[in-house]
Each structure stands twice: as C-alpha cells, then as structure tokens.
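The following block contains the structure, expressed as structure tokens.
In this text the structure is predicted, and so the values were computed from the model without any measurement. We name chains A, B, ... by the order of the sequence lines, and we start the count at 1 in each one.
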Amino acid sequence: MSNENFQSRFDPGNADARWQAAWDEARCFEADSASSKPKSYVLEMFPYPSGRIHIGHVRNYTMGDVLARYRKMQGFEVLHPMGWDAFGMPAENAAMEKGVHPAGWTYDNIATMKGQLKQLGFALDWSREFATCDASYYGHEQALFIDLFKAGLVYRKESEVNWDPVDMTVLANEQVIDGKGWRSGADIEKRKLNQWFLKITDFAEDLLDGLGTLEDWPQKVRLMQENWIGKSQGLEFSFELSNGEKLPVYTTRPDTIFGASFVAVAADHPVAQSLDSDAARDFIALCKKGGTTAAELETAEKLGFDTGITAKHPFTGAELPVYIANFVLMDYGTGAIMAVPGHDQRDFEFASKYSLPIPRVVASSLEEAGKPFAGEAEAGDGVIVNSGFLSGMAVEEAKREVITRAEAGGWGKGTTVWRLRDWGVSRQRYWGTPIPFIHCETCGVVPVPKEQLPVKLPEDVSFEQPGNPLLRHPTWKHVACPKCGGAAERETDTLDTFVNSSWYFLRFASQPADTPFDPAEIATWLPVGQYIGGVEHAILHLLYARFWTRALAHIGKLEVTEPFASLFTQGMVTHETYSRKIDGREVYFTPAEVDRSGTGAVLTADGAPVDIGKVIKMSKSKKNVVDPEDIIRDYGADAVRWFMLSDSPPERDLPWSEAGIEGCGRFVQRLWRLFAQCGNGGAGADANHDRALDRKLNQTVAAVAADIEALSFNKAVARIYELVGAVEKAELSSTRSDAIRKLAILVSPMMPHLAEEARAQFNLGIGLVAEDRWPEVDPALLVDDEVTIAVQHMGKLRDTLTAPKGAPKEDLEALALASEKVQRSIDGATIRKVIVVPDRLVNIVT
RNA sequence: GCCUCUGUGGCGGAAUUGGUAGACGCGCUCGACUCAAAAUCGAGUUUCUUACGAAGUGCCGGUUCGAGUCCGGCCAGAGGUACCA
C-alpha cells in the first residue's frame, strides 16, 4: 500500500497546467503535412469571439478533442486547428454601447478565450491560428471574390432590406422585434438597395446531387438542405390579361388548373407597379410594412387588392380576377400565381377572406366530387374531379397531361424551379471584409487590382451615429479609378460573415503568405475527416461552404468539391432559468447567484425566493449560464471534459447540473485511487491470470474504440464505468495491473491530464500518454461462451436460461419447454408454434 | 406558416437496429466506518399489488409469434426560416 502514501488526491490545480506545458514543449499536436502517416483532419466549427468561452464551446471542442487524440493514438497524422470567426455585428454593438473599437474589443476577446481554451487542455495546433478579421486572411478572401467575379459568379441587383426610418439605417432580422427597430422603436419597412450577390443557383443541381454522396452526414441535415434547395417540377404558362398584356405564372400543381379561381401577383410585380391609382399605391405601401423574414411574411394576415384586371383561363375561357397579394413572393417562380384555394392553404385563406369561389378539383374518388371542404384546403393526393378532360385521372397523370397540352398549344411549358435564391453578400456595416470594388462614373464597377489588396478597413471610425461608418468616413472611399485614373469611390458594403466561414478550413490546412492556399497541401488534408458543430448551422453555413468550395473548384483553384466528408451536429447545453418580476419586467439571475439546495430556489444575496423557469439553451439574455472557467477552477479540466461526454448523447441537448459535475469530480479521484494500486499484487512471474477480467478488458477496449469512432461518447463513458467497477472488485493479479495500465490509455482522450499525471506518478508506462498507441485487442477474448436466453410464452417473458453460445435450435426449444415456469404458464394448452432465435430467445405460441 | 428533429423511472439516458425495457451515471433510502461530519465502502431504488401477478417507452389506432424500434393519425417541445453566429 506504499503507493497510496504518494499523493492521496489528484490535484488538477497543479497538474493541468504542467501537462499542458509538457504537450506544448513536445509540440505533440502540431500537424506535419509532410508526414508519411495517413492524414486525419478533425475540425470543430470555429467560435465567434463574443467575450468568454461558453459551455456550448466546451462541449463542441471536447468532442473534437477526444476524436483527435484517439486518431493520433491510432497512428494518424492529425490536423486539429483553431481560429476565430471574428467579423460580425456584436463588435459594432459593443462599439456603440461601450465606446470601444470593434478591433480592440475583438482581439481582447480572442486573448481571453484562447486562455480559457488552453486551460481545457485541448490537443490543438495553435501554430495555424488566425482570425478572419486579420487583413492577412480577408485580403485573400477579397482576391478570391474578384476571381469569382471574373468567372461570372458575382453580380449586383436590387434586393430588399429592413429599413429603420428613424435611425436611417439597415437592420439585421434579429434587430427587428415585432416589426419595430430594436433601438428606435420605429415601424420597420422594406426598402430596395443595389447589392452584391453570389450565383449559388448556378450550382443548385450539383449541390442537390452532392447530398447523395454525403453518406456520413446526418440524414436530417441532408433532408433539410434538399428541401431548402427545393427543386420542383411544374408548369410555366401565361394568362392573357384583359388589358392586353400577358402574365406568366408558375405552378407546381398544373393538375389543379381547373380549380383556379383567381390570379395573384406580388406587390413588386410589374402588373402591380403599373397600376395608376391611389388605392393601389396605398396597398403596395402597406405591403412594404414590416420586416423581410419568411416567417413574418408567411404568418402575416393574408391581404389582397383587386386590380380590376382579369385573366383568361386557358381551358375554360373564364375571366379570373387578378389580385395583388402580400403572400406572393417576387423572388420565387415568376412572382405571380394561379390560385387554387381548394388545394392550397394560403389560397384557401385568401379566398375565404375575399369571398372568392373555392372549387374542388381533387377528391378521394369520383363519387366525392361534390364533397364540401372542412374549413381548410386539401393538399393531398387523389383523383381529379370537376375538371373536364382531366376528371378521373390521378394527380401525377393529370400534371403530365396539362403540361403536354400547354406545350402542344404553345402557351406554356414544363419547367424546373428552385426554391434556392442567390446568396446576397452585401452588408451595410463596418466590421466585415470590404468588398474590393471601385465605382467609377465612366468605367462602371471595377475590381481593385490584386497588387493593391488587401483593401484594409480604416481604423479611425466612430459609432456615435447609426449607419455604416465607411459611408461617412472623410477620405477612405475616395480613390482613383484603377482603369481611367479619374475620381471614383470605393464600395462601402462589406461581405456577409458567412463568406469568412466558407473557406477558413482551407486556410487552416495551408497558409502561404502570397496566395489563399496551396492546392497541393489542400489535397493532402481535405476533405475534412470529421466536422463537428451545432445543428443550428445545418443549412446556411454548411450550404454556403459547400457552394464556395464548388465555386473555387469551378475556377480551377481546388480539386475537392465536398469540403466535409463526415459531419456531426451536436446538441445544446441547457439550464433552468431563475427570475423575478420587478416592476412588471422579468429580471433574470445566474445559477451562481442562486441557492438551489432546498426545495425551491432562493437568491443568495437576500434569501428570498426566485421563480424557476424552463430548461432552455444557455444564453446571456436569460442569464442561465455557467462560466466554464469557474468550473475548471473548482473541479479541474478533466472533470469538466468528462461531464461534457457523460450521459447525454452528443447530438441531444445536455442539461447542465451541479450534482453531475460533482459526480464527475468524484470519479476523477476514484480513478486516481485505482491507478495508485497498479503495482499491487503481482507483476511477478507467478502472477495469476484473471481470464474473466481479461475478457472484460478486451471487450471494453474494443467497445470504447467503436464508440469513439461513432462519436457515441456517452456509451464509451458507460463502458469505462463498468470496467472500473470490475477492476475494483477483481482479486489482485497481473491481469488487474495490466487492466489499470490500459485504463489510463483508455481514459486519456477524455481525461488527458489525469492520465499523464497517473502514468508519471505510478509508473503506468513510458513517455507521454498523448504520444502512446491505443491498446491492441485479442479477438479471441471478445466473445462470451455462454449466453442468456429469454423464454417467452405468447411474447411475454416467463423465464431465462443459460446456454452455450451457438447452441442448436432444438436444444434451446427443449430447454425452454423443460422450464417449470414456462409449463405453468402454458397450463396444458396446445403448442401451435415455437419460435427460436439462436443465442437470443425462445417464444412459445399456443 | 413552412422544413427538420425529439419525446423511455425522481433526473440524464441504455437497449447488439423487430427479440429479456430501464445498462451506466446522478439523486434518494438504508447500513458499515467515525465521538461526529465529510470522504469512502456495501445494499436497495419503474409503477401498482401482502403475494401470485399485472401494467408500462408522449396520446390514439394498426402490422407481427413478438413493437421503445415499423406504418397511419394526433399532441407537446426544440432547431432553422436566407442580415444573430
């Protein structure tokens, strides 16, 4: 027992920093592109430097870290980098609220957060770190943007923004609350601006097809992207209008054409814009109210304006009224629709409101042709009714028939329409990548010559008034035209921050000074072997990154088209909220301010109770946050890491619990005590072998490896608990000491500091655990030779019995029928059938 | 509104993918050690029932010898919804 006097407790306050320094010194985690080992690129979504690391980051980076450390132990050369998604709105908000410069605020935050990440002992290659707000990063982005422009993938067009008429500025969607500006409180309206766009729609088909190759992506993400891209087959045809013009419309349901009872156009549509009446102008102005989000547009009350124009139905010749409708989008299809209220819910609501006919043209059978609607549209499948030559056809057949007739008659054609819209990348803001173009009155829009890149942000800006500081900067935008040398102006819009995050993973893999990346080096690392991040990025970030990669491949910069071979989307960290109503407003308190030891919750400061709210995602606004640094100080990095991996499956939400982290802290010490016993009880020649423990050890090594590879960390944790329990209970033997040595390796991806400290203190091995190999498994020890068989009568469990593995069916049946409990249950009834599943169960059917 | 996902003990969850529901952990209860407490160790812990046993995986129905798992219909919550990142 002499070992136990060594040090009875593991002291993370002492050990953590020491081992972090040891890994740094040995440069364990710097990736060598020239290595002959197989390569593995493990990447977590890089953080926005908001100020301090939050628990969601800790969870995300712990998962990646376990995988990176495990892959390294499996003999891979691992690239596991980290950097900063450093442009964005919060820096400008801080500038306005606190009077600090966005750059200073951002780089201070990065310094703080880097220190916090270091305390967690992540196996990161910090030599590749950068921030997207470094001119050495965004300058290359500007060069790529110009390349895409030259390839015809960048263009300008008018597009709507949220306009705050009081602050005279553009607002982000999240800054519009209930249709009002968050600072001014003014009613927000839609306003058109000339903006920059990327032609993601050129790649719609390819982005859709590519999803089929992403077998290691979650099915739900692929489905979401598929629906977002939204390929639809339909009919485009033109109505002849009573004013003599033609109105092209697009429909995905040509089969319901006989059910059309009116026609609707968007407020921006030329037909609407050309109306010369105050009432029409007032209605179009009404449609301008409110923000631009889809959720707002689609949930708003359906409103329409009868233009007085009519449209002639191509088959019946009926004159249908043409409305301006607020739910028709100019961006989708032709900006005009044939409305079939019986079989589209939006059209149904509109028709009900304006007392328009709602004919039925689809029913479950021809006999149901006269059935009334039950207060809502029927969008489902069925047979066509009340539709002349289409009646009696199935929906799909009718679609084909209408398209055929339209094409034959020359008044329409079958077309493919995409829901996906081009990517608007213009932002009327300061803290982003300047769009590297110059507007010249004689030469038009001219790219900045590459030798003049990067176009750097000016530092002397003020945020005392709302709006884009670049626009009102006294000198910055005034430059000579690169073509004609005349007076010209810089573009003052900056790029969407999603552009920054669309290629950072390339820059991590290769970062030459003079070009964005070296294609040969990219080829050694890409695609990313495992990408891990929040499911909230399932569509936008991941689709934009897929597009940007394709676009670069299209212009010959890259070979890869899919940047992320395998994707994992993690859940959020949640906690209950604490609040009080003070003067009618909900005031929130952090868990650290609240004592939860009794039945309710009381504020430590005044001892009076607070209300306990729902368990929701940790957020600053609800104050239900825990600062990782506090927990690391109290329990050590390994306990925090272990908690992040325990219990909850990584794709699900993780409820933070004080009791849970305490339990993890206790487990760290329990392991420490076990490691201390390694030398005990015979590493000698006469040491006995414990076959059962050896089997358990081998099974655990194999299972933990499989669980880590599947990112099922909660299952790996449960396996380790089981093994620890078995080792603790086992008699002293050489097997037991061997198990303890291997246990230190097994837990090292999760608890690297403890593993290193225990190995050094108790002689569990040579060298750094981080540099060691994953234990070999003896396949012969993986299978048990006895199995437990369930015996059922009519599907209900009546008995269990033990049988040798692989026992023949007849033996199992005989054993089952011999059971007294089974016989009592059968009670003399005639046995009709016996189902035997080898090594599993016997079910007797009477 | 639309798209996607989730729902199992007091709590987080497991279940070899159609074959013993509740592994493992947290919490709680009892016991050992201690003058006492903490720590640690041991036993127990789905519900109902004295027991035999029965019920049970959000709700309703279906397929099957057998359903947490598959199918249909609901309900609730979460994420996204193109300028939060």
Side-chain angles (χ1 to χ4, degrees), chain A residues 9 45 47-48 50 85 87-90 93 161-162 170-176 200 218-228 230 291-300 302 327 331 345-346 349 419-429 496-498 501 534-541 543-544 569 571-572 574 614-617 646-649 651-655 657 659-664 666-667 669-670 673 712 714-715 717-722 725 728 788-800 824 832-835 837 840-846:
Chain A
R9 284 182 68 78
M45 292 179 185
Y48 178 79
S50 56
D85 187 14
F87 275 135
M89 271 198 330
N93 293 338
V161 293
N162 303 305
V170 177
L171 297 185
N173 287 334
E174 74 159 5
Q175 297 174 324
V176 180
I200 190 172
Q219 182 62 26
K220 62 173 175 180
V221 176
R222 288 190 282 166
L223 249 179
M224 280 189 268
Q225 291 209 357
E226 184 181 326
N227 291 331
W228 184 263
T292 57
T293 67
E296 193 175 339
L297 294 174
E298 300 223 23
T299 52
K302 307 283 176 289
F327 66 91
D331 291 328
Q345 185 58 26
R346 289 168 303 179
E349 287 170 30
R419 207 188 77 97
L420 183 68
R421 306 197 302 256
D422 274 338
W423 176 12
V425 293
S426 277
R427 297 293 180 269
Q428 294 71 38
R429 283 196 268 280
D496 179 7
T497 56
F498 276 126
S501 53
V535 69
E536 63 271 21
H537 295 292
I539 295 176
L540 294 181
H541 161 58
L543 192 64
Y544 290 145
T569 54
M572 299 169 305
T574 59
K614 281 199 296 186
V615 177
I616 55 170
K617 174 182 178 171
S646 302
D647 294 353
S648 285
E651 69 277 11
R652 291 249 278 269
D653 289 349
L654 171 70
S657 108
I661 184 70
E662 280 172 17
C664 293
R666 282 198 298 272
F667 181 64
Q669 299 302 338
R670 182 174 156 203
R673 290 192 297 272
S712 299
N714 57 321
K715 293 192 216 169
V717 163
R719 299 279 192 183
I720 288 170
Y721 275 121
E722 278 188 58
E728 283 172 337
T788 307
I789 306 287
V791 185
Q792 298 176 338
H793 173 216
M794 301 301 285
K796 287 190 188 299
L797 185 72
R798 288 288 105 108
D799 201 0
T800 58
R824 208 191 314 148
R832 290 194 291 134
K833 200 179 184 185
V834 177
I835 289 150
V837 182
R840 304 248 81 197
L841 65 61
V842 180
N843 186 16
I844 296 151
V845 184
T846 57

For this session: Pick base, sugar-phosphate or nothing for A/Thr788, based on heavy-atom distances below 4.0 Å to the nucleic acid.
Result: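 Answer is base: heavy atoms of A/Thr788 come under 4.0 Å of a base.
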Problem set entry | A/Thr497 and A/Tyr48, any side-chain heavy atoms less than 4.5 Å apart |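 In short, these two side chains do not touch, never coming nearer than 4.5 Å.
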Exercise. More 5' along RNA chain B: A/Thr800 or A/Pro655, using each one's nearest nucleotide?
Worked result: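 Its nucleotide being nearer the 5' end, the pick is A/Pro655.
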Problem set entry | Any strand: nucleotide that pairs with B/rG12 via Watson-Crick or wobble, under 3.5 Å |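 Its partner is B/rC24 (Watson-Crick or G-U wobble, both distances under 3.5 Å).
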Exercise. What is the distance, rounded to the nearest whole Å, between atom OH of A/Tyr721 and atom P of B/rA23?
Worked result: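 About 15 Å, once rounded to whole Å.
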Interface polar pairs with nucleotides 62-72 of chain B, N/O, under 3.5 angstrom:
from: B/rC65; atom 1: O2; to: A/Asn843; atom 2: ND2; distance (Å): 2.5

Exercise. Can you find a heavy atom in the side chain of A/Leu420 that is under 4.5 Å from one in the side chain of A/Leu543?
Worked result: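 Sidechains of A/Leu543 and A/Leu420: in contact.
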Exercise. Hey, is the side chain of A/Arg652 poking within less than 4.0 Å of OP1 or OP2 on B/rC5, counting only N and O atoms?
Worked result: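 Checking A/Arg652 against B/rC5: no side-chain N or O falls below 4.0 Å of OP1 or OP2.
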Exercise. Given the C1' atoms of B/rC24 and B/rA14, what is the spacing between them in whole Å?
Worked result: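 Result for the C1' pair: 7 Å, nearest Å.
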Exercise. Using the C1' atom in both, what is the distance from B/rG66 to B/rA21, to the nearest Å?
Worked result: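 Approximately 14 Å lies between the C1' atom of B/rG66 and that of B/rA21.
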Exercise. For A/Pro47, does its backbone N or O pair with a side-chain atom of A/Asp85 as donor and acceptor, under 3.5 Å?
Worked result: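 Answer holds: no.
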For this session: Just label B/rU63 as syn or anti from its O4'-C1'-N9-C4 or O4'-C1'-N1-C2 angle, using within 90° of 0 for syn.
Result: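 B/rU63: anti.
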Exercise. Side chain of A/Ser712, backbone of A/Lys715: donor and acceptor closer than 3.5 Å?
Worked result: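 It does not hold such a pair.
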Exercise. Of all residues at least two apart in sequence or in a different chain, which pass the side-chain contact (heavy atoms from CB on, under 4.5 Å) check with A/Pro218?
Worked result: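 With neighbours one apart ignored, the set is A/Lys220, A/Val221, A/Leu567, A/Thr569.
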Problem set entry | A/Ile789: partners by side-chain contact (heavy atoms from CB on, under 4.5 Å), with sequence neighbours left out |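 side-chain contact (heavy atoms from CB on, under 4.5 Å) check on A/Ile789 returns A/Val787, A/Leu801, A/Ala803, A/Leu812, A/Val842.
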Problem set entry | Partners passing ring-ring contact (aromatic ring centres under 6.0 Å, His included) against A/Phe667 (at least two apart in sequence or in another chain) |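 Counting only residues at least two positions away or on another chain, A/Phe667 forms a ring-ring contact (aromatic ring centres under 6.0 Å, His included) with A/Trp642, A/Tyr721.
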Exercise. B/rA15 and B/rC59: how far apart are their C1' atoms, nearest whole angstrom?
Worked result: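 One C1' to the other, the span is 23 Å.
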For this session: Evaluate the ring planes of A/Phe498 and A/His541, with Trp represented by its six-membered ring, and classify them as parallel (under 30°), tilted (30 to 60°) or perpendicular (over 60°).
Result: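 Ring orientation, 0 to 90° scale: parallel.
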For this session: Would you kindly give the CG-to-C1' distance between A/Leu841 and B/rG18, to the nearest whole Å?
Result: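 Atom CG in A/Leu841 sits about 11 Å away from atom C1' in B/rG18.
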Problem set entry | For A/Glu662, all residues meeting side-chain contact (heavy atoms from CB on, under 4.5 Å), sequence neighbours excluded |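 Listed in chain order: A/Tyr635, A/Glu658, A/Arg666.
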Exercise. Which part of the nucleic acid, if any, lies within contact of A/Pro649, taking any heavy atom under 4.0 Å across all strands shown: a base, the sugar-phosphate backbone alone, or nothing?
Worked result: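 Sugar-phosphate only.
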Problem set entry | Identity of whatever pairs with B/rU81 - Watson-Crick or G-U, under 3.5 angstrom |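 Its partner is B/rG1 (Watson-Crick or G-U wobble, both distances under 3.5 Å).
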Exercise. In whole Å, what separates the C1' atom of B/rG9 from that of B/rA55?
Worked result: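 Looking at atom C1' only, B/rG9 and B/rA55 are 14 Å apart.
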For this session: Find the distance A/Arg719:CZ to B/rG25:P and express it as a whole number of Å.
Result: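 To the nearest whole Å, that distance equals 14 Å.
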Exercise. Is there side-chain contact between A/Ile844 and A/Gln792, with heavy atoms separated by less than 4.5 Å?
Worked result: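 A/Ile844 vs A/Gln792: side chains apart.
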For this session: Grab the CZ-P distance between A/Arg222 and B/rC3 for me, whole Å please.
Result: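 The distance from CZ of A/Arg222 to P of B/rC3 comes to 20 Å, rounded to the nearest Å.
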For this session: Look through every strand shown and name the nucleotide pairing with B/rU17 as Watson-Crick or G-U wobble, where both distances are under 3.5 Å.
Result: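 When the pairing criteria are applied, nothing turns out to pair with B/rU17, so the answer is none.
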Problem set entry | Base-pairing mate for B/rU6 - Watson-Crick or G-U, with both contacts under 3.5 Å |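 Looking at the geometry, B/rU6 pairs with B/rA76.
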Exercise. Within this structure, what is the CZ-to-P distance between A/Phe667 and B/rG25, rounded to whole angstrom?
Worked result: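 Rounding to the nearest Å, CZ of A/Phe667 and P of B/rG25 are 9 Å apart.
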Problem set entry | Gap in Å between the two C1' atoms, one belonging to B/rG22 and one to B/rU8, rounded |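 After rounding to an integer number of Å, I get 8 Å for this pair.
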For this session: Indicate yes or no: at least one non-hydrogen side-chain atom of A/Phe327 is less than 4.5 angstrom from one of A/Leu297.
Result: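 Side-chain contact under 4.5 Å: no.
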Exercise. Between atom CG in A/Asn714 and atom P in B/rC11, what is the gap in whole Å?
Worked result: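 My rounded result for the distance is 18 Å.
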Exercise. Should B/rG62 be called syn or anti, with syn set as within 90° of 0?
Worked result: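 What B/rG62 shows is an anti base, its glycosidic angle lying more than 90° from 0.
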For this session: Could you please name the option among B/rU4, B/rG1, B/rU20 that lies closest to any side-chain atom of A/Leu223?
Result: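 Minimum distance to the A/Leu223 side chain belongs to B/rU4.
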Exercise. So, is A/Arg666 close to the B/rG27 phosphate, meaning a side-chain N or O under 4.0 Å from OP1 or OP2?
Worked result: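 For A/Arg666, the contact criterion (side-chain N or O under 4.0 Å from OP1 or OP2 of B/rG27) is met.
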Exercise. Say you pick atom P in B/rU57 and the same atom in B/rC41; how far apart are they, in whole Å?
Worked result: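 Between the two P atoms, the distance is 36 Å.
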Problem set entry | Watson-Crick/G-U partner (both atom distances under 3.5 Å) of B/rA37 |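 Base partner found: none.
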Exercise. Rounded to whole angstrom units, what separation is found between the CD atom of A/Glu296 and the C1' atom of B/rG1?
Worked result: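 It is 13 Å, rounded to the nearest whole Å.
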For this session: Using only side-chain N and O atoms of A/Lys715, determine if any of them is under 4.0 Å from OP1 or OP2 of B/rA15.
Result: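 Yes, within the criterion.
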Problem set entry | B/rG68 versus B/rG62 - spacing of their P atoms, nearest Å |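 The same atom, P, in both gives a distance of 15 Å.
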For this session: Let me know the distance between CD of A/Gln345 and C1' of B/rG1, rounded to the nearest Å.
Result: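 Spelled out: CD on A/Gln345 to C1' on B/rG1 is 9 Å.
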Exercise. When the C1' atoms of B/rU69 and B/rC33 are considered, how many whole Å apart are they?
Worked result: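 Straight-line distance between the two C1' atoms is 47 Å.
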Exercise. Sub-3.5 Å donor-acceptor pair from the side chain of A/Gln175 to the main-chain atoms of A/Ala172, do we have one?
Worked result: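 Yes, A/Gln175 side chain to A/Ala172 backbone: donor-acceptor pair under 3.5 Å.
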For this session: Sort out the partner of B/rU29 for me: Watson-Crick or G-U wobble, both distances under 3.5 Å, none otherwise.
Result: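 For B/rU29, the partner nucleotide comes out as B/rA43, under the 3.5 Å rule.
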Exercise. How would nucleotides 74-85 of chain B be written as a contact map, 5' to 3', with B for base contact, S for sugar-phosphate-only contact and - for no contact, using protein heavy atoms under 4.0 Å?
Worked result: ----SBSBBBSB
